[in-house]
Number of protein chains: 2
Amino acid sequence: MESTRTIVVYLYPGMTALDAIGPYEILRGLPGAVVQFVARQRGPVTVDSTFLRLQADLSCDEVTRADILVVPGGNAPAQMRNPDTLAWLRCLYPTTRWTLSVCTGSLILAAAGILTGGEAATHWSARETLRQFGITPSQARVVRRGNILTAAGVSAGIDAALTLAALECGQETAELMQLFIEYAPQPPFTAGTPETAGPGIVARAEAFLRRDAAP
Amino acid sequence: MESTRTIVVYLYPGMTALDAIGPYEILRGLPGAVVQFVARQRGPVTVDSTFLRLQADLSCDEVTRADILVVPGGNAPAQMRNPDTLAWLRCLYPTTRWTLSVCTGSLILAAAGILTGGEAATHWSARETLRQFGITPSQARVVRRGNILTAAGVSAGIDAALTLAALECGQETAELMQLFIEYAPQPPFTAGTPETAGPGIVARAEAFLRRDAAP
């Protein structure tokens with residue numbers, strides 16, 4: 001019998017769905033994986049676009065430990081101001097082997113005091129906010145500091161989860177999941193970073209983000 | 001006022017979550033996008049891992065048209081044997097401008113008679129099954145035939161959706177969404193295709209797929 005590996009994915013209103021589902025689709029394949037989708041309250045959680053609801057099967061009150069904790073980004077500011085969320089993350093963190101933030105999830109870890117100083121990754125649009133916590137925003141796609149991995153925006157969670165899978169279970173297991181999701185990416189365009197997208201696309205993306213963040 | 005663009009994402013028990021969420025995260029940013037998550041019945045739909053439920057807000061009976069239809073993969077065989085699903089897809093397809101299958105979703109389109117002859121993409125493990133429908137499995141990541149795009153396994157839906165976004169709204173809009181999800185992938189390993197993963201990893205992935213498909 002293989003032992004259980006508990007992976008807790010935190011869900012909250014206004015989160016970005018792919019931030020959570022990308023890492024989930026890798027980590028759920030680890031030997032003995034049990035993935036728990038957890039929110040303040042049990043039930044459907046509406047994501048940033050308002051078009052989709054992800055089901056939380058457990059409430060934060062029911063979850064007191066995790067081997068791996070995943071914190072997605074999206075409407076991070078509301079979480080950064082929520083003392084219950086921050087207290088829960090602070091209690092959970094010492095029980096984990098690994099904590100992974102995706103996108104603006106790193107801001108939530110910073111607000112909780114789990115991520116302090118040094119370098120971290122976040123969504124390109126949030127780099128200056130990270131600086132306000134005394135953390136240097138990295139242009140790297142994945143940054144590891146001790147047992148915390150921070151990923152850049154949204155899709156970077158897939159790369160970070162593969163890195164985490166290899167740290168936790170070895171490279172072969174990570175490669176197995178890379179092959180399962182057939183992750184040999186071929187983006188048809190090169191606009192994946194603000195540096196390569198150019199100022200016109202960056203301005204449009206910033207306007208999109210403002211609309212998305214509106215209530 | 002911009003006009004509405006209706007994107008229908010079909011959900012079913014045993015589907016692979018990332019197959020749907022990858023394209024959704026791109027297509028939901030198209031101007032005027034309204035994304036509808038649709039299943040046989042309204043309510044939560046349990047995905048292949050059994051760890052996650054995605055909420056369907058509409059039932060198939062309530063949805064009679066789509067500008068863009070997305071059919072994910074996963075437990076495709078049950079859908080290929082379901083006459084109600086196949087009839088619904090056959091009714092919906094003529095109303096669409098674009099239909100996108102991800103992973104073994106192409107098998108469902110083939111079973112419905114929507115995809116016939118020629119080449120198509122599917123999950124690497126399902127290439128031979130595609131052949132049984134008289135369709136040549138392509139090793140390309142995204143195949144376009146007329147108004148149907150077929151993507152390879154799971155993560156290929158992101159690349160295909162960017163291609164589709166450019167066809168529907170122009171390259172700049174696709175680039176905007178590529179930048180939003182910061183899609184400048186850096187897989188830490190090269191095991192994303194059976195050709196690059198090597199036989200040991202392929203054998204382990206096939207065993208994983210068999211376990212995943214078990215009821």
Side-chain angles (χ1 to χ4, degrees), chain A residues 16-18 21-22 24-25 28-29 33-37 44 49 51-55 57 103 123-124 141-142 152-156 158-159 162-163 166 171-194 196-197 200-202 204-205 208-209, chain B residues 16-18 21-22 24-25 28-29 33-37 44 49 51-55 57 103 123-124 141-142 152-156 158-159 162-163 166 171-194 196-197 200-202 204-205 208-209:
Chain A
T16 301
L18 186 54
I21 302 304
Y24 146 80
E25 202 70 87
R28 62 112 164 171
V34 173
V35 186
Q36 300 177 332
F37 287 87
S49 70
F51 295 134
L52 173 65
R53 271 151 286 288
L54 303 174
Q55 188 81 17
D57 285 335
C103 198
H123 193 272
W124 56 267
R141 195 156 169 83
V142 180
V154 192
S155 64
I158 300 173
D159 296 317
L162 285 168
T163 299
Q171 184 172 333
E172 281 212 357
T173 295
E175 290 185 338
L176 156 68
M177 292 313 294
Q178 182 179 4
L179 178 57
F180 165 66
I181 71 159
E182 211 162 338
Y183 188 49
Q186 291 177 18
F189 313 110
T190 57
T193 68
T196 56
I201 300 294
V202 171
R204 281 186 64 183
F208 176 80
L209 284 160
Chain B
T16 301
L18 187 53
I21 302 304
Y24 146 81
E25 203 69 90
R28 62 113 163 170
V34 173
V35 187
Q36 299 176 333
F37 287 87
S49 70
F51 295 134
L52 173 64
R53 271 151 287 287
L54 304 174
Q55 188 80 18
D57 285 335
C103 199
H123 192 272
W124 57 266
R141 196 156 169 83
V142 180
V154 192
S155 65
I158 300 173
D159 296 317
L162 285 168
T163 300
Q171 183 173 333
E172 280 211 359
T173 296
E175 290 185 339
L176 156 67
M177 292 313 293
Q178 182 179 5
L179 178 57
F180 165 66
I181 71 160
E182 211 161 340
Y183 188 50
Q186 291 177 19
F189 313 111
T190 57
T193 68
T196 55
I201 299 294
V202 171
R204 280 187 66 184
F208 176 79
L209 284 161

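Each chain gets a letter, A, B and so on, in the order the sequences are listed, and its residues count up from 1. Small disclaimer: the values here were computed from a predicted structure and weren't measured.
The candidate from B:V154, B:L176, B:D159, B:L179 with the greatest count of non-hydrogen atom pairs under 4.5 Å with chain A is B:L179. Interface check for chain B: of the options A:D57, A:I158, A:L54, the most heavy-atom pairs under 4.5 Å are formed by A:D57. Interface check for chain B: of the options A:A174, A:A17, A:P187, the most heavy-atom pairs under 4.5 Å are formed by A:P187. For chain B, the option among A:S49, A:A197, A:A205 with the highest count of heavy-atom pairs below 4.5 Å is A:S49. The candidate from B:H123, B:Q186, B:Q55 with the greatest count of non-hydrogen atom pairs under 4.5 Å with chain A is B:Q186. Here B:P185 is the residue among B:P185, B:P188, B:A156 with the most heavy-atom pairs under 4.5 Å with chain A.
Between the CD atom of A:Q36 and the CG atom of B:L52 there is a distance of 13.0 Å, given to the nearest 0.5 Å. To the nearest 0.5 Å, atom CG of residue B:L18 and atom CD1 of residue A:I21 are 8.0 Å apart.
Below 30°, between 30° and 60°, or above 60°: for A:F208 and B:F180 the angle between ring planes is above 60°, a perpendicular geometry.
With sequence neighbours excluded, no residue forms a ring-ring contact (aromatic ring centres under 6.0 Å, His included) with B:F51. Checked against side chain to side chain donor-acceptor pair (under 3.5 Å), B:T196 has the following partners two or more places apart in sequence or in another chain: B:T193.
Looking at B:E25, the atoms closer than 4.5 Å to chain A (heavy atoms on both sides) all sit in the side chain, from C-beta outward. Proximity to chain A (any heavy atom under 4.5 Å) is shown, for B:V202, by both the backbone and the side chain.
The side-chain contact (heavy atoms from CB on, under 4.5 Å) test with B:I201 singles out one residue from A:M177, A:Q178, A:E175, and that residue is A:E175.
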